[in-house]
Engineer: 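Pasting a structure here, questions to come.
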Amino acid sequence: MHIPQVTTEVSKKMARLRAGIVGAGIAGASCAGTLATAGWDVEVFDKAQGAGGRMSTRRTEQGWAALGTPFISAKREPFRSQLRDWVRQGWLAPLRSEVLHGRANQSWSLVQLQNHYRLTSEPSQLVHQLLGDAKLHTQARVATLQPRTLIMEDGQVFGDYDCVICSVPTPQAIPLLDALPLLRERLDEVRYRPIWSFLMRWEGGPAADVIQFDDHLLNLAVRQTSDGPGLWVVHSSHEFAETYLDVSIEEASTRAASALMGLLGLPWPVEVEVSHLWRYAKPETSIGGFWLGDRENRVALIGDGIAGAGVERAWESGVRLAQALIQAREELVI
Ligand SMILES: Cc1cc2nc3c(=O)[nH]c(=O)nc-3n(C[C@H](O)[C@H](O)[C@H](O)COP(=O)(O)OP(=O)(O)OC[C@H]3O[C@@H](n4cnc5c(N)ncnc54)[C@H](O)[C@@H]3O)c2cc1C
């Protein structure tokens with residue numbers, strides 16, 4: 001039977017394209033959601049228990065605490081519009097409180113952080129809602145990327161994708177890329193720096209919501225409003241985390257608590273409830289551009305190690321790759 005050409009074109013147009021994405025941080029989620037909205041069939045795999053990556057949340061008895069990124073800011077469009085939307089939807093609020101800035105035994109000053117937003121709802125939930133209709137597999141660690149294919153740590157194979165997208169910090173992508181040397185060799189250029197983050201409880205101290213330390217050990221303390229006045233997240237400097245990269249949680253916590261008490265002149269005790277080492281907190285260098293692609297093998301890399309440090313660049317790398325894939329499909333079909 002003769003099948004007219006137009007039917008083939010229509011069926012090509014109707015066939016749902018498929019993407020497999022490793023990593024449900026903001027880059028992977030924004031890519032997944034944009035593709036899913038355009039009709040792609042998208043599966044996202046994350047080794048953690050939920051979405052969020054470095055925007056994930058710790059549950060506390062009274063609420064939640066953000067141990068990862070404390071603020072979001074936008075330097076340009078299209079992220080500025082996205083932030084305005086999130087403010088309208090109630091996810092974010094402009095950071096209005098002044099930031100106490102200074103170091104021990106010196107005068108403290110109040111500074112205003114311009115154009116910074118604070119999450120008013122759980123950051124991990126915001127990332128989760130970006131996924132839209134994409135299917136999220138949690139506690140699903142990907143071990144190997146191959147052309148159009150993902151192989152899980154337990155040997156399960158997910159294949160036949162039109163595009164495989166890897167959205168993890170580049171040092172964590174390198175071991176997945178043995179079969180894709182063209183991509184792998186570019187990633188050696190990227191360096192990440194660590195941060196230790198602590199959920200601490202103390203009473204007294206300065207009447208501020210954000211304290212920025214001018215200090216070589218600690219960087220920032222942010223009051224957690226969802227859990228009463230005494231709960232703070234304290235982020236170390238990169239130097240502190242590099243010095244105490246391989247110590248026990250107890251040692252890192254004790255050192256951070258005593259540094260904090262010295263800086264703020266607090267009496268004992270500072271209670272450390274949770275400690276987390278972000279081994280790959282922020283990239284010091286990046287590849288540049290929004291994504292790195294191996295067109296022949298249908299694999300692309302996104303995230304802040306490719307596009308540059310921060311939530312804005314990570315989000316944009318996911319959205320821009322998705323838009324390019326959607327457009328490529330339209331050109332292919334029409
Ligand atoms: C303490 C801290 C403070 C920060 N402060 C700021 C700030 O003030 N402003 C700002 O803009 N940015 C800040 N950042 C950086 C910002 O959080 C990141 O740039 C951004 O969240 C990166 O998103 P991503 O999607 O690229 O990566 P990630 O959020 O790291 O997502 C990667 C995901 O991949 C998963 N994964 C990794 N390997 C595998 C595997 N083999 N299989 C399956 N899943 C895997 C991980 O579980 C993770 O969920 C901060 C980061 C930290 C840690």
Side-chain angles (χ1 to χ4, degrees), residues 19-38 40 42-46 51-56 68-69 71-83 85-86 123 126-132 134 136 142 145 150 161-174 176-177 180 182-184 186-193 278 280-295 297-329:
I21 301 182
V22 192
I26 189 135
S30 66
C31 187
T34 309
L35 288 173
T37 303
W40 283 53
V42 186
E43 285 183 293
V44 184
F45 301 84
D46 202 293
R54 278 167 278 164
M55 292 181 70
S56 57
T69 184
F71 306 123
I72 304 186
S73 57
K75 291 201 177 78
R76 62 199 153 257
E77 293 295 344
F79 197 54
R80 281 201 174 146
S81 307
Q82 178 64 84
L83 290 196
D85 276 354
W86 287 343
L126 169 62
V127 176
H128 199 278
Q129 82 74 64
L130 283 181
L131 287 164
L136 174 64
V142 175
L145 266 67
L150 295 174
Y161 291 116
D162 295 283
C163 190
V164 164
I165 297 159
C166 185
S167 180
V168 308
T170 50
Q172 294 181 316
I174 289 174
L176 313 184
L177 294 172
L180 298 153
L182 273 185
L183 291 175
R184 192 195 152 123
R186 293 289 309 277
L187 301 190
D188 286 336
E189 300 165 25
V190 183
R191 295 270 168 273
Y192 274 76
R193 300 194 75 188
W278 300 98
Y280 307 112
K282 292 185 184 175
E284 195 178 32
T285 55
S286 60
I287 299 282
F290 289 112
W291 71 87
L292 186 64
D294 178 341
R295 190 184 286 254
N297 290 312
R298 313 292 293 174
V299 178
L301 310 182
I302 54 173
D304 63 355
I306 308 297
V311 173
E312 177 170 20
R313 294 292 295 177
W315 174 87
E316 202 172 353
S317 74
V319 170
R320 297 273 189 175
L321 173 66
Q323 288 169 341
L325 289 169
I326 293 162
Q327 199 180 352
R329 156 68 160 181

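We count residues from 1, following the sequence as given.
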Engineer: Nearest 0.5 angstrom please: Leu182 CG to Asn297 CG, how far?
Structural biologist: 8.0 Å

Engineer: Would you mind reporting whether Leu325 and Cys163 have side-chain heavy atoms less than 4.5 Å apart?
Structural biologist: yes

Engineer: Under 30°, 30 to 60°, or over 60°: which ring-plane class applies to Phe79 and Trp86, parallel, tilted or perpendicular?
Structural biologist: perpendicular

Engineer: Looking at every heavy atom in both Ala36 and Val42, which two are closest together, and how far apart are they?
Structural biologist: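 It is N-CG2, 3.9 Å.
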
Engineer: At their closest point, which heavy atom of Leu321 faces which heavy atom of Ala300, and how far apart are they?
Structural biologist: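 Looks like CD2-CB, 3.8 Å.
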
Engineer: Hey, could you give me the CG/OG distance between Leu187 and Ser286, rounded to the nearest 0.5 Å?
Structural biologist: 11.5 Å

Engineer: Hey, are the side chains of Arg320 and Pro78 touching, using non-hydrogen atoms and a 4.5 Å cut-off?
Structural biologist: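 Yes - at least one pair of side-chain heavy atoms lies under 4.5 Å apart.
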
Engineer: Between Lys282 and Arg193, is the side chain to side chain contact (heavy atoms under 4.5 Å, CB included) condition met? List the steps.
Structural biologist: CA-CA 6 Å; Lys282 292 185 184 175; Arg193 300 194 75 188; 5.6 Å; no

Engineer: Using 0.5 Å steps for rounding, measure from the CH2 atom of Trp40 to the SG atom of Cys31.
Structural biologist: 8.5 Å

Engineer: Hey, does Val311 have a side-chain heavy atom less than 4.5 Å from the side chain of Met55?
Structural biologist: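 They are in contact (side-chain heavy atoms under 4.5 Å apart), so the answer is yes.
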
Engineer: When you compare the side chain of Leu150 with that of Tyr161, does any pair of heavy atoms fall below 4.5 Å?
Structural biologist: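 Answer yes - side chains close enough.
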
Engineer: Quick check: do Ile72 and Glu312 have side-chain heavy atoms less than 4.5 Å from each other?
Structural biologist: no

Engineer: Hey, are the side chains of Leu145 and Leu183 touching, using non-hydrogen atoms and a 4.5 Å cut-off?
Structural biologist: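 Contact flag for Leu145/Leu183 side chains = no.
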
Engineer: Keeping to residues at least two apart or across chains, list the side chain to side chain donor-acceptor pair (under 3.5 Å) pairs with something in residues 301-311.
Structural biologist: Arg54-Asp304, Tyr192-Asp304

Engineer: Which distance, rounded to the nearest 0.5 Å, do you find between the OG of Ser56 and the CG of Asp46?
Structural biologist: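 The distance works out to 9.0 Å.
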
Engineer: Which pair of non-hydrogen atoms, one from Ser30 and one from Ala314, has the smallest distance, and what is that distance?
Structural biologist: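 Minimum heavy-atom separation between Ser30 and Ala314: OG-O, 4.4 Å.
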
Engineer: In Å, rounded to the nearest 0.5 Å, how long is the span from OG1 of Thr170 to CD1 of Ile287?
Structural biologist: 7.0 Å

Engineer: Show your working on side chain to side chain contact (heavy atoms under 4.5 Å, CB included) between Arg298 and Val164 and close with a plain yes or no.
Structural biologist: CA-CA 6 Å; Arg298 313 292 293 174; Val164 164; over 6 Å; no

Engineer: Mind checking the CD1-OG spacing from Ile302 to Ser167? Nearest 0.5 Å is all I need.
Structural biologist: 4.0 Å

Engineer: So does Arg295 have more than 12 non-hydrogen atoms from other groups sitting under 6.0 Å from CZ?
Structural biologist: no

Engineer: Evaluate the side-chain proximity of Leu292 to Arg186: yes if any heavy-atom separation is below 4.5 Å, no if none is.
Structural biologist: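 When only atoms from C-beta onward are counted, Leu292 and Arg186 do touch, with a gap below 4.5 Å.
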
Engineer: Taking all non-hydrogen atoms of both residues into account, name the closest pair between Leu83 and Ser73 and its distance.
Structural biologist: CD1-C, 4.0 Å

Engineer: With the side chain counted from C-beta on, respond yes when Trp291 and Ser317 share a heavy-atom pair under 4.5 Å apart, and no when they do not.
Structural biologist: no

Engineer: Could you pull out the closest heavy-atom pair between Val127 and Ala51, with the gap in Å?
Structural biologist: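 In terms of heavy atoms, the two residues are closest at CG1-CB, 4.3 Å.
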
Engineer: Could you walk me through whether Leu131 and Val44 satisfy the side chain to side chain contact (heavy atoms under 4.5 Å, CB included) test, starting with their C-alpha distance in whole Å, then the side-chain angles of each, then the deciding distance to 0.1 Å, before giving a yes or no?
Structural biologist: CA-CA 9 Å; Leu131 287 164; Val44 184; 3.8 Å; yes

Engineer: Test side chain to side chain contact (heavy atoms under 4.5 Å, CB included) on Glu316 and Glu77; report intermediate values, then the result.
Structural biologist: CA-CA 10 Å; Glu316 202 172 353; Glu77 293 295 344; over 6 Å; no

